[in-house]
Colleague: 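One structure follows; several queries about it will come next.
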Amino acid sequence: MKNSIFILLFCLLTWLPILTDAQNPLLEPFNTPHGIIPFERVEPEHILPAFSVALEEDRKQVQAIIDNPQPATFENTIAALARVGQKREMISLYAQALGSAYSNPELNQIVAEVSRLRSDYFNEMLFNEKLFDRVRRVYLEKENLSLSQEELTVLENNYLWFARNGNELPEAQKERLKEIRSRLSELGLIFNQNVTQDRDRTLFHLTNEEDLAGLPDWVIAAAAENARNKGLEGWVIPVDGPLRSGFLTWSDKRDLREKLYRKYFSLGNNANEFNNLGHAREILSLRLEMAQMLGYATYADYELKEQMVGSPAQVIRFIDEYKDKVNPIAQKDIESIRDLAASLGFDDVFREWDFSYYRRKYREGRYQFNPDEVKPWLPVDHVVRETFAVFKDMWGLDFRENHQIPKYHPDVIPYEIFDANGDVKAVMYLDLFEREGKTGGAMLMRLRFQNKENGTNEVSVSYNHCNFQNPVGGDPALMTLWDLETFLHEMGHGLHLVLSDVTYRSVSGYNLKYQDFVELPSMLLQKWAYEPDFLKRVGKHYQTGEALSEDMIEKIILNHKEGRALFSMQMIPYVAMDMALHSISRPFEEDLCQWENEFLKSYSLFPVTEGLCIIPSFAHIFSFGYAAGLYTYDWSDMMAWDIFNEFKKNGIFDPATSKRFGEEILSKGGTVHPRELFINFLGREPGMDAFLKSFDE
């Protein structure tokens, strides 16, 4: 297999001179709606040649900026530099989308090569002294220039990108930094691809009917369909995703719950070619080496220097205050669940694979309610339509399916999004259901940022990537409450892109320097999932058309409020672990799994299961840009609670509050410091009071 992949890459690269513009649709003008790539005409073998051509075009444009005989100005240097790379970026993001949607060894190699070439290009840019000199000259004159706030931010971001990333180092260290960045880019891709492929090859296969004890019909039916799709008898539960959660919640077979739990926490750590332990160690070591070369004690110090939080010490203070609030509540809740388990005859050590099972029984006893009961009232199609109707009420946005827009995968649904004036604001694809080869989890990714770099408005193009359970048999696809919250979370990111109104891609939508503000719109919008007025709109039984009852809505809300502290105390250990992993001041010599087991003992609500660890599958911090940044969800949630309370003053669908939020925060992208955006909206600094009090309600 490896030889065939290398031959494929060799052929793709050697064919580059032969593939003319007319032969490669990625190099032709895109005569498509909104200038979107004509995906249906593009084959994987087109990607690398087109990307290489785009890189060469970019190099020529950069060289023209350097060779400009005129003194450096914002327009001929900073603005000119901002316009470089539109084609290259679109092809790169398309390759990333394909890798997330399909994932196979040949495509993964192409995506990896695009990433390597992109990394090499940015290394060239970063250490181009003549280019940095022109940027620096403009920066030093910034006080004398009549720049808009956006232009000033773009200038400062450009300067800092060069200044804090090694431009003053000796040549030998610059070369080492290039090697480190290139290798980190490669390792991040490999890490995520390994998790996906290990997941798809790890089966939890049941063949005895007695192993289904306790499972509801929807879990059994979906597991049977999974088995049929794989040509197997019996039932197959994916080791990640909604069926895994359903099995752990309902199965009466404790030994099987444990087996499934262990399989999940062994992803990326199995004895096969997808083992990530070595990659994780190398990534941590390279990040540390890079940070120390740049003058920082740790990678966390480097990463947080340019964030709202400012330092690792401030993150730890935040986590400790947060933990002090929620831990006593969570401990009380977990004790109630343990007591319930004991009353039912459970007399063993309470473990992670017992939690969901007995929590369900506890909820059934306390509220006469189980969250799975809500699923028939949450058919995916209806929830999506009604959510979009809510967005129309709040922001005047009209989501319209348009299948004339090219699709990068047959399963995706393209939408044009119109504003209240009937103008197109954005394009968004929905890719909501799980499938083999698809990256797990949920994310809202862009194929293009909104911008006006060429004088006219280019709308954003994005995709909402989720992994909901596929429809089973003749029934429609149904959401869980967690799915609903996830969908709204990702749509919060989507609104950040849709409502962006800036000139430059580098500060458009969620393209912020301050990553600990990025999650604010998503953490805010997911709160609608547990608001009575929203649940009344989206909750409609797929068979009877019956709306969610007041009694059911009350139970949903009470159940959610009781579970928040427990959920927080399940997440805080990983937030703290992320910070600890990136606060090392020397390379790891310990066994990473043993280190994780020891670290979590001071945080976990349950006895730590020796030998299992999440580090080898922790793609959020090793692949997805959240290194020393997992705290950003909670930090953003702190601010989101303040803003949510502002919405509640006038009703959660209030168009006036929505308009203010859109204009004063979402439309600005990264053009203004987020603290200033927050103050402009609320009239004061962010604080923890509303966030912490939310656990008392």
Colleague: Quick check against the 3.5 Å criterion: does N276 have a side-chain atom that pairs as donor or acceptor with the backbone of F191?
Modeller: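 At least one qualifying donor-acceptor pair exists.
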Colleague: Is the F678 to F517 ring centre distance short of 6.0 Å?
Modeller: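 Judged by ring-centre distance (under 6.0 Å), F678 and F517 do not meet the cut-off.
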Colleague: Between D348 and R254, does at least one N-O distance fall below 4.0 Å, as a salt bridge requires?
Modeller: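 Here D348 pairs with R254 in a salt bridge, since their nearest N and O are under 4.0 Å apart.
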Colleague: Take atom CD in E550; do more than 12 heavy atoms of anything else shown fall under 6.0 Å from it?
Modeller: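 For E550, atom CD is not crowded (no more than 12 foreign heavy atoms under 6.0 Å).
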Colleague: Would you find a donor on one side and an acceptor on the other, under 3.5 Å apart, between the side chain of D516 and the backbone of Q307?
Modeller: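 Judged by distance alone, no pair lies under 3.5 Å.
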Colleague: Can you name the nearest heavy-atom pair linking H205 to W235, along with the distance?
Modeller: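 Reported closest heavy-atom pair: CD2-O, 3.3 Å.
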Colleague: So, are K259 and D211 salt-bridged, with charged N and O less than 4.0 Å apart?
Modeller: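 Answer for the salt bridge query: no.
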Colleague: Verify the neighbour count for atom NZ of K325: are there more than 12 heavy atoms of other residues, nucleotides or ligands below 6.0 Å?
Modeller: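 For K325, atom NZ is crowded (more than 12 foreign heavy atoms under 6.0 Å).
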Colleague: Test side chain to side chain contact (heavy atoms under 4.5 Å, CB included) on Y603 and Y574; report intermediate values, then the result.
Modeller: CA-CA 9 Å; Y603 285 94; Y574 300 112; over 6 Å; no
Colleague: Should the pair K555-D551 be classified as a salt bridge under the 4.0 Å nitrogen-to-oxygen rule?
Modeller: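 Looking at D551 together with K555, the answer is yes, because their closest N to O distance falls below 4.0 Å.
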Colleague: Less than 4.0 Å between a side-chain N and a carboxylate O, is that true for E335 and K332?
Modeller: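 The answer is no: the pair does not qualify as a salt bridge.
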Colleague: Would D431 and Y463 count as a side chain to side chain contact (heavy atoms under 4.5 Å, CB included) if you check the C-alpha gap in whole Å, the side-chain angles of each, and the deciding distance to 0.1 Å?
Modeller: CA-CA 7 Å; D431 185 11; Y463 54 98; 5.6 Å; no
Colleague: Could you tell me whether the side chains of R366 and S336 share a donor-acceptor contact shorter than 3.5 Å?
Modeller: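 Not at all, the side chains of R366 and S336 share no donor-acceptor pair under 3.5 Å.
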Colleague: Of E519, Q515, E303, which is the lone residue that meets side chain to side chain donor-acceptor pair (under 3.5 Å) with Y626?
Modeller: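 So the option named by the test is E519.
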Colleague: Salt-bridged, E562 to R363, with N to O below 4.0 Å?
Modeller: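 No, E562 and R363 are not salt-bridged.
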Colleague: Verify whether one side chain among T480 and D483 offers a donor that lies under 3.5 Å from an acceptor in the other.
Modeller: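 Yes, D483 and T480 have a side-chain donor paired with an acceptor closer than 3.5 Å.
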Colleague: Just checking F355 against F606, ring centres under 6.0 Å apart?
Modeller: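 That pair passes the under 6.0 Å test.
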Colleague: Less than 3.5 Å apart, any donor N or O on the side chain of Y633 or H489 sitting next to an acceptor on the other?
Modeller: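 The criterion, which ignores hydrogens and geometry beyond distance, is not satisfied for H489 and Y633.
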Colleague: Okay, side chain of N208, backbone of E210: is any donor-acceptor separation there less than 3.5 Å?
Modeller: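 No: the side chain of N208 does not pair with the backbone of E210.
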Colleague: On the 0 to 90° scale, with breaks at 30° and 60°, tag the Y299-H582 ring pair as parallel, tilted or perpendicular.
Modeller: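 Tilted: the ring planes of Y299 and H582 meet at 30° to 60°.
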Colleague: For P242, run the side chain to side chain contact (heavy atoms under 4.5 Å, CB included) check against E434, M479, K375 and tell me which one passes.
Modeller: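 Going through E434, M479, K375 one by one, the side chain to side chain contact (heavy atoms under 4.5 Å, CB included) with P242 is satisfied by E434 alone.
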Colleague: Take F661 and M394, measure what side chain to side chain contact (heavy atoms under 4.5 Å, CB included) needs, and give me the verdict at the end.
Modeller: CA-CA 10 Å; F661 182 66; M394 296 175 72; over 6 Å; no
Colleague: Are any of the side-chain nitrogens in K536 or E386 under 4.0 Å away from the carboxylate oxygens of its partner?
Modeller: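 Judged by the 4.0 Å cut-off on N to carboxylate O distance, K536 and E386 do not form a salt bridge.
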Colleague: Ring centroids only, cut at 6.0 angstrom: are W528 and F647 within range, meaning strictly under it?
Modeller: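 Yes, close enough.
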